[in-house]
Every structure is written in structure tokens, then in C-alpha cells.
Amino acid sequence: MAKKLDLRRFPGFLPLTFLCLFLLYAPLIIVMVYSFNDSNSITNWGGLSLRWYVEVFTGVESEKFKSAAINSISIAIMAAIISTSIATLAATAMLKAGNFRGKSVGFALINLPLMVPEIVTAVATLIFFSAIGFTTGYLTILVAHIVFCIPFAYLPIAARMQGIEDVYEQAAMDLYATRFQTFRLILLPLMTPGIISGFLLAFIISLDDFIITNFVKGAGIETLPTAIFGSVKQGIKPNIMAISTLLLLVSVVFVTLSYLVGRMGQNKKVTTD
Amino acid sequence: MAGGLPKSSESNTSTYAGLGALLMLPSWVMIGFFLVLPVGLMLVYSFLTKEFRGGVIWEFSLAAYDQFFFDRGLFGDDPPVIEWTYIKIFWRSIWQAGLATFFCLIIGFPTAWFIATRTGANKSIWLFLITIPYWVNLLIRTISMKFLIRDNGPLNEWLLSLGIISDPIHMINTNFAVQLGLFYSYLPFMVLPIYASVERYNFAFSEAAADLYASRLTTLRHIILPFVKPGIIAGCILVFVPSLGAFLAPDLLGGAKNFMIGSLIEEQFKGNAGNWPFGAAVSMILLSMVLVVLTFYARQQSKGGVR
Amino acid sequence: MTEIAVDVVNMTKRYGNFVALSNVSLSILDNEFFTLLGPSGCGKTTLLRAIAGFEDISEGAIKLYGEDIADLPPNKRPVNTVFQQYALFPHMDVTANVMFGLLQLGQDQATAGARAAEVLDMVQLTEFADRLPSQLSGGQQQRVALARALAPKPKVLLLDEPLSALDLKLRQAVRQELQQIQQDTGITFIFVTHDQEEALTMSDRIAVIADGEVQQVGPAREIYEAPVNKFVADFIGETNLIDVAVSDVMNGNATCTLPGGAQFTCPAAIGAVAGNGHLSVRPERVSLVKPKDGLLQGSTVRQTYLGTDMHVDVRLKDGEILTVRLQNSEGTDIPEQGALVGLNFETGAARLLVD
């Protein structure tokens, strides 16, 4: 039998895909491997060891990294909670409130943080805070993070809400629910997977941010990325590789979580067909 | 749906009709107050006089733009001569960002295509693999790249031990390293939007084309590419725009010789040597360039019928 | 006199320049099974949604037992809806779905639970009470939707093509069930459908709607046998429309000239006038006779076998084609293809329509 022509297949695409994955993963994997290097020099391989992980938690720089980690995580949690709440309200307005004045401008505003280059946002925010005499520090970082997390939280929430047909709210209102009850009892539960995805995305975006934080943090406060950047400027040390590996694992855990939440959402279909 | 000619979402009785503006208010306030207003203020700052030790004096001045474009100043005694230093930095940034976009497309399109044409669980796994690096901290990825390509890094060691080279290749602090870093940073941004549009592609079109005697390449050129063009353009924008203003890759991989816009701006706000009005002006010029690109994109999107 | 449950008075609904419903007036009686029948896009669903409160109306009034409800939001209207695709809340089990309206009305868990059990029993779903909607078949989902809408004992139940998602067999069974439930509960039903058979078999009265206007309101028999205009005659069942010249309309009777010259007198719809018009004659009311005995003459052009019946198409001299329905029984004489035949019908079988 003659081989059936597969129109989906193009010769060479498979090797290119492998090349793509190789390029994306090779540096990460090498850093992970070298983080277990027992040698003092980052170049020579001296056998397997966990000494650099011990160093991260107990070494000279451990205090600095610990407080940076606490800042990073607490800022990421708060920024994610606030931006997710704001994005949920905005998605409700955009998709469930019909037409209103300022709708298209509002939509553009929500997406603005995605369009302005990060470094420009950083400069503008720094100038703004300094002009109004706001002392740079923890709070300025938090405010800046909330702003640029909004569009990232908005995307999955709006995508989810788009799949919820109006007929569910109409059924609830037909059964005597007020608009607020309809939101609480129908919309919110149906949107949950989107809201969780939005939260996770906002969290990781805040945790990862370097450029804006670097501009608006002021002296005396560090987040993990700025602390790591500061150390790397003096050269890559093995403990940096250990920290990087840990952060990498956090990211992987989060992608996996968000992937699973997304799957959960797909299984519970909300469309009526 | 019988009888329901207008879609209910277009009706004037949406569930939260009348509350739209109220629900949008928090996002408007946050973004308006902490992004739009600051960008406006940045524009103002670019026309102020610099103060040594950072900051500004509230006095109108064109010095920042003058410094950017002209040697010795437009208002000096000598005739103005165009200053090439900063324009060259911009040119290098555009060139680097464009090249990174090109390489990302070359690798990203086949990858996106390949993933989108997998079936069932296979597809989710491939997609998952591509998404992970997208979520990994950019700083860490850039550091990883720096570690890998150092003169005595693993890549050189490996090439030496295989006997492919006899002396380490010097890659760090070159334009090549910056290019590699940009490409590596933004590659996932190219794959995902293209993937999304290939997903929507109906292979019955390919079958129809093949049925009408089109070769595989003809089908790719005349049927598939026009269909997935919006995804390709979106991917190119998502790589080009952040590459243009990138800071980490040029700073960590390029060193002092291979300055790009990002580093130029950053320098103006760090320490006492900074020049805030000049930094604001450079940021404004960068922002204007990005707006031009985005306007072009919006035009393309509204023109393209296939969605 | 029976009370009026829903009174739609001179109602108009516009979307921008598009008029979805134009000056509609309808009185739906208490305890009535009332059907809104019409083709896709005719405005029947818009009318139902306006009564439910999902569409604002542009002009006119909607009264529920005398009270104007046009400005009330849906959650303040004592009417409930069975939605076309059911709209069962996917994250709640069957009981929670049925209890939803009761809880919103302020009933306590125990009272609402008891009522939910009662209604689920009525629709024979007691054993599925703990299931999620996604674990039910289409027919079961339809019953849950019905139970959910009935539980709060609405004054009027609105049904938006509730049977369209079911397969044919199930649809026929559910029709009888719905009628039974309507009679048992005594609740006024307003039922929207595009399926004429559904409308004819279930309803006390039918409103035929087309192009945003009410064409005719009446019991099934009246709609079928005495259609007022061309649209109704054509939309409900099959009919032959014969071009005639009307010389006179008097006392509800029209005198007209058939194609071929025969004079004929038959009942006329209200509003029919002299001039050129159309007679409607149902295919089963036409009989085939010898050419010289017929009111009309023509030759057969096609025979279509339909199981119990046979359709014979006859082309008149002027080219018009009429259909005759013959029962397939042993004695039936089926003319040969191309044979010359006469067509006859009684005066009561024909009706002059308003164009």
C-alpha cells in the first residue's frame, strides 16, 4: 500500500522542534547540574554535593537572600491577590456589562502595561514616585507590580468568562437571584479556574520581575532577582546556581499547577452544547 | 437559535448593564494613576534641566534631545553636527532585535506547527515543555546562558575535549552573545501565538489545495501562511518589542562595548553620573518607536479578514 | 370570564433600526397552554424574553394579572423560564439546581429541600437528585430544567423551545408529559416553538408570528382550517394556493373565477377583498375526478409515494401545480403519468385569503 500523504507533516520540522527544545533547556539543565558540583571553582567538576545548597541557607550571603526571598514572596502574593481582584472586576465589566462609556478606552488601558516596554514603565514609575516625593521602597515595588500584573491576571480570567454564556446568569436572575447573588453563586464558581490561573500567572510575573523592581526599589531593599543580579555582577558563584535551581523549581511547580487547573477547567465545560 | 436574532450580549439587558464603569474603576485608577500619568510626567521631565546627582531642575530645556541628536549642541557657536553615538546605539538595538526576531521565527514556526499538529495528550505534553522556559525567571535564564558560553564555561570545555577546537572561542561580551541571549530570552514568545493560530487552521483547506494539485510548498505559501499570518505577526511583535528595550541580555552578556537602549537608559538613573532628563528623552524615543510598531500591528490585525 | 394571565399591549421592540417586534398585542389566559409559533428570526423568542424580563421593550406594556411588569428586573417577576439549552448550573447537583430559586425567595433549607423533592418526584428524577447536570442524559436535563422552573410555583411558566435538543422519539413522549404537567399544576404555560406539529398537538391556543407581527391567534383547529392569510396557510401544514379573480365578497363569502373559467363561491377570511386573490385548499380536501366533472383541469406530472398517502401533482393549463393527497388503500385509483384529470373540492374546503 502506498504511504498516505500526510498534509500536516513537513520534512525537517521535527528536528527543528528538537533543536528549539534543546536550545531552551540546555543552559537551564547545565546550571542545575553544576549547582550540585562539589568543587570550589565553577568550572571544574568535583563530584556531586549539596554543599552549595547548604551555603544558600547558612552561608555569608544567606541573610541577604533570606530577606530578599521574603520580600519577593510577600510582594508577589499581595500583588497577585490585588491585581487578580481588579482584573476579575474588569473582566466582568468588559464581558458582562454590555456597552458603556469608556469601554474601548478601558480595554486599551488594561492592556497598556503589556505594550509599554518594561524599561520605559520602570523609568516613568521612578520619575513619578520621586516627583510626588514618595520614598522608594517596599510599597513602591508593590504598587508597580500590581499595575503590570493586571493584564496578565486579566487574560485567563477573561478567556474563562468568555466561555460562560449569559444564559446562566439569566437563569439565576429568572430564579429570583439579585445581580450580586448571581455573581457570587454562579459567575464566581464558574470562573474559578480562570481566576486561579490569573493569580498564578500574576504571582510568577511579580516574582520574576527585575527591571521595574531595580528602578523603583531604592536603596536598602532587595528582592530575589535584584539580589541575584547584584551578586552576579561580581561573577557567577556556585551558590547563585543553587538559588537559580531552586527558583527554577518554583517556576516548574507553578506551571504544572496552572496546567492542571486549566485541565480541570476544560473537563467541566461551561458551554451549553 | 430560533427567534433570537440579536445576540443576547448585544442586548441592552446584560446582567451587569449600568455597572460597567464602576467595575472598571479600580483598573482605570491603578493604571491611569500609576502608568499613564507617570508616562506623561516622563515626557515633561525630558524637557527639564538636569541636576547633578540625579533628579531635575524645573526649568524648560531641550538639552536632552539636543544631546541625543547633535554634537556640541544645536544652540552652540559652531554649526550643529549630527551626533552618532546614541543613534548608533539605537541602530544596534534595532538590528539586534530584528535579527533575534528572524531567528526566533525560523526556529519558532516549525516548532509551533509541529506541536499544533500533534494529537491528544501528546500535544499537551509538547506544549507544556515549551511553556516551562517561558515561565522561568528571565534573569536566571540569562545567567544560565552567561555561564554556558563563558570562555572557560561548559560549552568551550566540551568543544575542547571533543577536539573540535583547540582554543576556547571567545563569545561572552560580543554582539553574538547578546544576539544569542535575546533569541533565547524571547523564543517562547514566538512559539505560543503561532501555535494558537495553527490550532485554528482547518486542514480541510490543505486537503482541498492538494486535491486541486497544489504541492506541499505551494500549500504552505498560498494557503497556510496567509491563514496563520496574524499569529506570525503577533509573535514577531512579542519578540521584537521586548528585545528592543531589553536590559538583561545586553548587560550580562554584552558588557560595556555592546550597549543597547536598555543599558543606556539604565545608566542615566543609576548613581550620581546619571542624567534624568536625558534618560526620560531616550525612553520617550524608545516608546515612540514601539508605538509605531504597534500601530502597524493594529492596522494589520484590522485588515486581516481571517481570524 | 377567565382571567387574563399575561397581557401584552401594543408592544414594540427595536434594536437600533431593526424592528424585532412591531406593535404586538396578545392576551394569554389563566391556566392556558399558549404557544408562540413562527419561523426562525420571527421575534417569538424576543417576545418570550421580554415577558421574562431579559429584554427591555421599546414601547407598550406587559401586564401580569393586571400589574404592569415591564420595568421589573427578571428576579422580581413571578415567572420562570425553561431555557432552550436548559442552562443548568454546571457546578451544582440536581437538587441544588432545583432549590436555587426557592432559596433566593428566602425559603429555609428544609422547606426548599422538601419542595425540591416533591417536584423531582413529579418529573420522576428522584433517584438522580445527587447527580451533576453533566452526568444526565438530554431528556433528564430537560426534566431538571422543568423541575427547577416549576419549583417556585411561578404564575406563568415560559418554555423556550425546550424540546428542540431532544431526539424525535423522546420529543413525542415529552409532549404528552408537558401537557399533563400543565393540567396538573394549573400554571399558565407560554411555549415557544418553530415546530408546527408540536404547536398543533399541545396547545390550547396558538399565536402565529412572522416578521415581528402576530399573524393569527386561535385554537389549533381554527389556525389549520381557517387561516387568515397566505403566510399562515402556507406555514401551517401544506396547502395549494390557487390564483383567482374575486368579483365580490359579501357576508363572509367570496364569489370568484377559477383558472379555466369556472365560477366558485367559498368562505373568505376577514379582510379579504375583491380583485386578484388566492384560494387555499388543503391537498387532502381535493379529489381527482373525470376531466369534465372537475372545477379545474390539468395533467398529472408527478406521483410521490409517502407510505400511507400518495401525492399527485397536477399541472393546470396556466402552468400552476396543485397537489392532491390520496390515501393508499386498495380501491384507490392512481392515474397514469401525464393523464388528463379533473380536480374537485367542496365549497367549505376552500378559503379566500388575505394576501
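Values in this document were obtained by computation on a predicted structure and should not be read as measured data. Lettering of chains follows the sequences in order, A, B, ..., and the numbering in each one begins at 1.
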Problem set entry | Part of B:Leu23 within contact of chain A (heavy atom distance under 4.5 Å) | both
For this session: Work out which heavy atom in A:Ser130 is nearest to a heavy atom in B:Tyr45; give both atom names and the distance.
Result: OG-OH, 4.1 Å
Seminar exercise, completed: Okay, A:Met115 and chain B: the region with an atom under 4.5 Å from a heavy atom over there is both
Exercise. So do the side chains of A:Phe229 and B:Leu248 get within less than 4.5 Å of each other, counting heavy atoms only?
Worked result: yes
For this session: List the steps, then state whether side-chain contact (heavy atoms from CB on, under 4.5 Å) holds for B:Trp135 with A:Leu201.
Result: CA-CA 9 Å; B:Trp135 286 61; A:Leu201 196 51; 3.5 Å; yes
Exercise. Does A:Arg179 offer a backbone N or O that forms a donor-acceptor pair with the side chain of B:Tyr16 under 3.5 Å?
Worked result: yes
For this session: List the atom of B:Val290, the atom of A:Pro117, and the distance in Å for their closest heavy-atom pair.
Result: CG2-CG, 3.5 Å
Seminar exercise, completed: Rounded to the nearest 0.5 angstrom, the OG1-CZ distance for B:Thr142 and A:Phe210 is 10.0 Å
For this session: Might you work through the side-chain contact (heavy atoms from CB on, under 4.5 Å) test for B:Ile107 and A:Leu16, ending with a clear yes or no?
Result: CA-CA 6 Å; B:Ile107 299 283; A:Leu16 281 172; 4.0 Å; yes
Problem set entry | Segment of B:Val136 engaging chain A (4.5 angstrom heavy-atom cut-off) | both
Problem set entry | A:Ile119 versus B:Leu286, closest heavy-atom pair with distance | CG2-CD2, 3.7 Å
For this session: Please round to the nearest 0.5 Å and tell me the distance separating atom CG of B:Leu155 and atom CD1 of A:Ile30.
Result: 7.5 Å
Seminar exercise, completed: Per-residue tally against chain A (heavy atom, under 4.5 Å) across B:Ile31, B:Thr117, B:Leu127 peaks at B:Ile31
For this session: Count the heavy atoms of every other residue, nucleotide or ligand shown that sit under 6.0 Å from CZ of B:Phe203, and state whether that count exceeds 12.
Result: yes
For this session: With a 4.5 angstrom heavy-atom cut-off, could you sort out which part of B:Leu43 is near chain A: side chain, backbone, both or neither?
Result: neither
Exercise. At what distance, to the nearest 0.5 angstrom, does CD1 of A:Ile211 lie from CD of B:Glu266?
Worked result: 9.0 Å
For this session: State the OG-CG distance between A:Ser244 and B:Leu139, to the nearest 0.5 angstrom.
Result: 7.0 Å
Exercise. Should we say atom CZ of B:Phe128 is surrounded by more than 12 heavy atoms from elsewhere, each under 6.0 Å from it?
Worked result: yes
Exercise. If you take all heavy atoms of B:Trp28 and A:Gly102, which pair is closest and at what distance?
Worked result: CZ2-O, 3.4 Å
For this session: Hey, could you give me the CE/CZ distance between B:Met30 and A:Phe148, rounded to the nearest 0.5 Å?
Result: 11.5 Å
Seminar exercise, completed: Smallest heavy-atom separation, A:Asn214 atom then B:Lys270 atom, equals O-NZ, 3.2 Å
Exercise. Does the ring centre of A:Phe10 sit less than 6.0 Å away from the ring centre of B:Trp113?
Worked result: yes
For this session: For A:Leu89 and B:Ser27, run side-chain contact (heavy atoms from CB on, under 4.5 Å): C-alpha distance rounded to whole Å, both residues' side-chain angles, the deciding distance at 0.1 Å, then the answer.
Result: CA-CA 8 Å; A:Leu89 295 181; B:Ser27 43; over 6 Å; no
Problem set entry | B:Arg141 side chain to A:Pro27 backbone, donor-acceptor under 3.5 Å | no
Problem set entry | Shortest non-hydrogen contact between A:Lys96 and B:Ser14, atoms and distance | O-CB, 3.6 Å
Exercise. Would you say the side chain of B:Ile130 lies within less than 4.5 Å of the side chain of A:Leu21, judging by non-hydrogen atoms?
Worked result: yes
For this session: Report the distance from atom CG of B:Leu294 to atom CG of A:Leu114, rounding to the nearest 0.5 Å.
Result: 10.5 Å
Exercise. Would A:Thr125 and B:Phe34 count as a side-chain contact (heavy atoms from CB on, under 4.5 Å) if you check the C-alpha gap in whole Å, the side-chain angles of each, and the deciding distance to 0.1 Å?
Worked result: CA-CA 7 Å; A:Thr125 314; B:Phe34 294 109; 5.9 Å; no
